[in-house]
*Asks:* 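Sharing a structure here in structure tokens format.
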There are 2 protein chains.
Amino acid sequence: MTQNGQLDPTDIRILEILQQDARMDATHIGLAVHKSEAAIRKRLAKLREQGYIRRFAALLDRRLVGRPTLMITLVKLNGHASAVLQAFAAAIQVHPEVQVCLHLSGEYDFILQITLRDAAEYEDFLEQKLCCLPMVDKVHSSLVLKEYKMEPAFPLEK
Amino acid sequence: MTQNGQLDPTDIRILEILQQDARMDATHIGLAVHKSEAAIRKRLAKLREQGYIRRFAALLDRRLVGRPTLMITLVKLNGHASAVLQAFAAAIQVHPEVQVCLHLSGEYDFILQITLRDAAEYEDFLEQKLCCLPMVDKVHSSLVLKEYKMEPAFPLEK
DNA sequence: TGTGAAACCTCAGGAAT
DNA sequence: ATTCCTGAGGTTTCACA
């Protein structure tokens with residue numbers, strides 16, 4: 001890590017490793033990148049402090065943990081004042097079945113990614129949590145038929 | 001973990017902890033769930049073997065690692081034969097800037113989530129990687145203006 | 001680089017189902 | 001009978017100076 005807060009090639013390699021295996025310890029990372037274990041721990045602390053690493057997470061199989069149904073929901077609001085957008089996001093993102101809530105440019109204002117046990121649970125979500133919000137104008141729901149790729153890791157520039 | 005492969009309440013708590021902090025060790029998890037360290041390690045091995053845990057990943061800050069531009073792209077194909085869908089997915093998911101590639105029901109066939117350095121890089125993606133595919137009929141691009149929630153962790157049923 | 005403090009692994013015994 | 005937990009041991013690994 002250079003003094004201006006940029007990543008050097010070693011930092012990049014550490015981050016690449018940890019994106020694939022967050023439980024690898026400093027010793028093994030050191031072997032992989034040809035640095036001492038102490039050097040790795042120092043860099044790791046810095047990468048955390050400076051926010052490059054937000055957290056370490058176990059990625060679960062959503063079918064095995066009881067959420068086989070994955071929906072993508074596009075939402076158009078009937079107003080675009082900042083207060084309206086924020087009110088909508090605040091009301092939606094608290095629901096634990098909502099994994100993703102993004103404000104978009106274009107025809108629809110928000111996209112949601114929602115995981116549920118089955119279609120009936122999604123109907124409940126629509127009726128009880130989404131469509132009853134006063135600023136919701138239009139909703140377009142798509143069932144995910146196949147998950148070809150779902151990858152939180154980013155490619156890192158060398 | 002019961003013999004039929006279901007999760008018991010202790011497994012659920014272990015998974016909840018690891019979704020939030022994948023680097024917590026067996027000793028500390030044991031303290032949190034009131035089990036011995038040996039018991040935790042045994043359960044952890046099983047949760048991995050049986051596929052509940054797909055992997056452990058460091059979640060990075062996409063702005064800090066040079067991918068500040070996040071796009072959501074909807075794609076409609078000009079055919080829906082299985083071979084066409086698979087050919088499209090295979091051609092798209094290899095690109096590292098594509099984090100998510102899902103086959104959808106509804107008007108559009110695929111949704112992509114793509115992270116890039118800037119708008120110019122997205123233009124390159126469209127021209128050189130997406131729109132030149134013969135099965136692509138229609139593309140709708142949305143810039144993500146604000147990321148209210150982006151959370152890989154699932155709520156777990158007790 | 002070294003040193004004390006952990007975390008890890010295995011196994012034998014016991015409790016609960 | 002089976003499954004699961006515990007606790008102790010010996011070893012490896014970690015963290016900090």
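Below, chain A is the first sequence line, B the second, and so on; all start at residue 1.
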*Asks:* First contact, last contact: which nucleotides of DNA chain C are these for chain B, 5' to 3', heavy-atom distance under 4.0 Å?
*Replies:* C:dA7 to C:dT10

*Asks:* List, with names and distances, any nitrogen or oxygen atoms from the protein found under 3.5 Å away from nitrogen or oxygen atoms belonging to nucleotides 15-17 of chain D.
*Replies:*
residue : atom : partner : partner atom : Å
D:dA15  : N7   : A:Glu37 : OE2          : 3.3

*Asks:* For A:Lys146, give me all partners under salt bridge (charged side-chain N to carboxylate O under 4.0 Å, His left out), at least two apart in sequence or on another chain.
*Replies:* none

*Asks:* Starting from P on D:dT3, measure out to CG on B:Asp8 and report it in whole angstrom.
*Replies:* 15 Å

*Asks:* Atom NZ of B:Lys42 to atom P of D:dT3: distance rounded to whole Å?
*Replies:* 11 Å

*Asks:* If hydrophobic residues (ILVMFWY) are linked whenever their side-chain heavy atoms come closer than 4.5 Å, directly or via other members, who joins B:Val94 in its cluster?
*Replies:* none

*Asks:* According to salt bridge (charged side-chain N to carboxylate O under 4.0 Å, His left out), who are the partners of A:Arg13, at least two apart in sequence or on a separate chain?
*Replies:* none

*Asks:* Rounded to whole Å, how long is the line connecting atom NZ of B:Lys35 with atom P of D:dG7?
*Replies:* 12 Å

*Asks:* Return the set of residues passing side-chain hydrogen bond (donor to acceptor under 3.5 Å, both in side chains) with B:Arg117 (not counting sequence neighbours), or none when no residue passes.
*Replies:* none

*Asks:* Residues in salt bridge (charged side-chain N to carboxylate O under 4.0 Å, His left out) with A:Arg55, at least two apart?
*Replies:* B:Glu151

*Asks:* Side-chain polar contacts of residues 136-145 of chain A - donor-acceptor pairs under 3.5 angstrom, sequence neighbours left out - could you list them?
*Replies:*
residue  : atom : partner  : partner atom : Å
A:Ser141 : OG   : A:Tyr122 : OH           : 2.7
A:Ser142 : OG   : B:Ser105 : O            : 3.1

*Asks:* Test of understanding: with salt bridge (charged side-chain N to carboxylate O under 4.0 Å, His left out), list the residues that count as partners of B:Glu37, not counting sequence neighbours.
*Replies:* B:Arg41

*Asks:* Please give the stem ranges for DNA chain C, sorted by first residue number, where a stem is three or more consecutive Watson-Crick or G-U pairs and both donor-acceptor distances are under 3.5 Å.
*Replies:* C:1-8 with D:10-17, C:10-17 with D:1-8

*Asks:* Linking Ile, Leu, Val, Met, Phe, Trp and Tyr through side-chain heavy atoms less than 4.5 Å apart, which residues share a cluster with A:Leu59?
*Replies:* none

*Asks:* Between B:Thr27 and A:Ser36, who's closer to the 5' end of DNA chain C by nearest nucleotide?
*Replies:* A:Ser36

*Asks:* List for me each residue that meets side-chain hydrogen bond (donor to acceptor under 3.5 Å, both in side chains) alongside A:Glu157, sequence neighbours excluded, and say none if there are none.
*Replies:* B:Arg67

